[in-house]
K.L.:
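Before anything else, here's the structure in question.
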Amino acid sequence: MKIFDIVQLNFKQLIRDKKNLFFLLLFPAVFMLIFGIGFGDNVESDVDIAVINHDNASGVNLGNELVGVIKDFNSSENESLFTVHEVSSEDKAQKMLENGSVSTILIIPQGFTSDMGNNMSSLGEIIIKGNPIDADYGIGSSVISGIVSEFSKQIINKVAGQTIPEIELKYEDLNISSSSTFDLYAPGLIVFAILMTITVVASNVATEEESGMIKRLRLSKMKTRDYVLGNLISWSFVGVIQVIIMLLVAILVGFKWEGGIYTLFLACIVGIVTTFSSVAVALIIVALSKNAKQASSISPIIAVPLSFIAGAFIPLPDCVIATINNQQIQIYEILPWNQAITAIRQVLTYGQGLDAIFMNLIIILIMGIILLAISVLLFNRKISRES
């Protein structure tokens, strides 16, 4: 019962404190609006792609022309969006994808040029492969889709002199339907909202400690783990509310939500387990702070940089610490919030299921448990010292 008393107490305090309620639920939503307006229709990045051109036509070679169009495509200010690596074999391209050298593979089929004049009902498939955890894949594949569509309508019709069907695209690993940078940034902003939980939880817990409330609760034989568990349950509900509010705001400014209620449910699960880590960090901050004022000052200094380091706002540079099974492991991937961004992007942006985010959830849980163990140890030590 003591655990549910803590849950009830946290909800009452949150509802009464209108300033913290605004900061927790609406402040991140403002960021979502700003990013949606600023990035909803823009794509600016430097995307590395591997191209395997099997078109061996002599003279006019439409495979080569398509590669040239992709190379010359500009994102803005005459800067090429793509860095194209032309490779001779699919095996080599696959290795480049696995080690992170490229984010996308484009395969042009044999006979691509010769098929153009045969009045075929289908021109075969151009295959696009990519790493589903790489944001550049989402950007690159959606832009390539537009380029290929225009190429088939304009350039091919000129060469063939007749009406022919558009080139089909086949996506391997996932089905891309996102067409703006915002679709890739929105999941990071959802996790940013969960990270902001650190500031509110730290402020509330530090105030409760300073007012003597925690001491009075301990007199009722409440243990530190009960207090922590009560906070986890109550703030996990808040995490779900944050995911839903941020998703609604994102949709309002153009986010393309894939997968329906099922993927929203998965995103809420990710929100819950990620909140564990945010609550744990907040308790660690309180345990290491001298008073409530100091805890309130330190918490945003921790939360905001963590948002950037986790990749909530901008793509992160390579910072490889290990390679396992040809998969590069980045140093920031040990952060539960980075894994949460990847997981929410997988389900809400790409419409993937539980199997696609299972390992992300496992890593988030492991890191959350580690952080919670540290927080309980430090928080219990501080309370015991002050008793």
Side-chain angles (χ1 to χ4, degrees), residues 28 31-32 35-36 39-40 42-45 47 97 100 103-104 128-143 171-195 239-240 242-251 253-275 277 306-316 327-328 330 332-364:
F31 269 73
M32 184 70 80
F35 270 72
F39 295 100
N42 296 322
V43 177
E44 296 199 20
S45 183
V47 181
L97 180 65
S103 65
T104 308
I128 298 178
K129 294 183 179 181
N131 186 340
I133 67 171
D134 194 334
D136 281 351
Y137 176 43
I139 297 171
S141 58
S142 62
V143 174
Y171 296 99
E172 296 191 359
D173 294 330
L174 72 164
N175 183 25
I176 298 293
S177 62
S178 299
S179 58
S180 75
T181 306
F182 179 60
D183 294 325
L184 301 166
Y185 281 154
L189 296 172
I190 292 173
V191 174
F192 168 65
I194 296 172
L195 267 163
V240 171
Q242 287 174 315
V243 170
I244 294 172
I245 289 177
M246 293 295 281
L247 177 60
L248 290 174
V249 174
I251 292 171
V253 290
F255 178 72
K256 297 175 183 62
W257 170 24
E258 296 293 326
I261 297 300
Y262 174 57
T263 57
L264 175 58
F265 171 75
L266 291 177
C268 289
I269 296 297
V270 175
I272 288 172
V273 296
T274 308
T275 300
S277 295
L306 270 177
S307 302
F308 283 92
I309 295 171
F313 304 126
I314 56 175
L316 297 170
Q327 177 65 49
Q328 292 184 334
Q330 311 289 342
Y332 42 77
E333 288 177 347
I334 65 175
L335 294 174
W337 305 280
N338 177 269
Q339 294 293 330
I341 292 169
T342 299
I344 292 177
R345 182 179 293 126
Q346 287 281 68
V347 296
L348 295 184
T349 303
Y350 298 149
Q352 298 293 289
L354 178 61
D355 56 334
I357 65 169
F358 183 75
M359 283 307 302
N360 302 108
L361 284 172
I362 294 297
I363 295 172
I364 294 169

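This is a predicted model, so every value here is computed, not measured.
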K.L.:
When rounded to the nearest 0.5 angstrom, what is the spacing between CG in L247 and CZ in F255?
P.N.:
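So the CG of L247 and the CZ of F255 are separated by 6.5 Å.
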K.L.:
Which atom names give the shortest non-hydrogen contact between I190 and M246, and what distance separates them?
P.N.:
CG1-CB, 3.7 Å
K.L.:
Report the distance from atom CD1 of I344 to atom CD1 of I269, rounding to the nearest 0.5 Å.
P.N.:
11.5 Å
K.L.:
What closest approach, in Å, do F313 and Y185 show between heavy atoms, and which atom pair accounts for it?
P.N.:
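Answer, listing the atom of F313 first, then Y185: O-CE2, 3.6 Å.
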K.L.:
Please report the interatomic distance CG(D355) to CD(Q346), rounded to the nearest 0.5 Å.
P.N.:
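Reported value, rounded in 0.5 Å steps: 9.5 Å.
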K.L.:
Can you see which heavy atom on Y262 is nearest to which on G353, and at what distance?
P.N.:
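Reported closest heavy-atom pair: CE2-CA, 3.8 Å.
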K.L.:
Where do V270 and V191 land on the side chain to side chain contact (heavy atoms under 4.5 Å, CB included) test, with the steps shown first?
P.N.:
CA-CA 9 Å; V270 175; V191 174; over 6 Å; no
K.L.:
What's the spacing between K256 NZ and D183 CG if we round to 0.5 Å?
P.N.:
4.5 Å
K.L.:
Where do Q339 and I364 come nearest, in terms of heavy atoms and distance?
P.N.:
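Q339 and I364 have their closest heavy atoms at CB-CG1, 3.6 Å.
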K.L.:
Evaluate side chain to side chain contact (heavy atoms under 4.5 Å, CB included) for T275 paired with V240, printing each intermediate quantity in order.
P.N.:
CA-CA 9 Å; T275 300; V240 171; over 6 Å; no
K.L.:
Can you tell if the side chain of V243 reaches within under 4.5 Å of the side chain of I194, non-hydrogen atoms only?
P.N.:
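The answer is yes, as the side chains (C-beta and beyond) meet within the 4.5 Å cut-off.
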K.L.:
Could you pull out the closest heavy-atom pair between G188 and A312, with the gap in Å?
P.N.:
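Closest approach of G188 to A312, heavy atoms only: O-CB, 3.3 Å.
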K.L.:
May I ask you to check whether E333 and N338 show a side-chain donor-acceptor distance below 3.5 Å?
P.N.:
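Result is no, nothing qualifies.
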K.L.:
List the atom of S307, the atom of F192, and the distance in Å for their closest heavy-atom pair.
P.N.:
OG-CD1, 3.2 Å
K.L.:
Between atom CG of N360 and atom CD1 of I341, what is the distance when rounded to the nearest 0.5 Å?
P.N.:
11.0 Å
K.L.:
List the residues meeting side-chain contact (heavy atoms from CB on, under 4.5 Å) with T263, not counting sequence neighbours, and say none if there are none.
P.N.:
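Expected list: W257, V347, L348.
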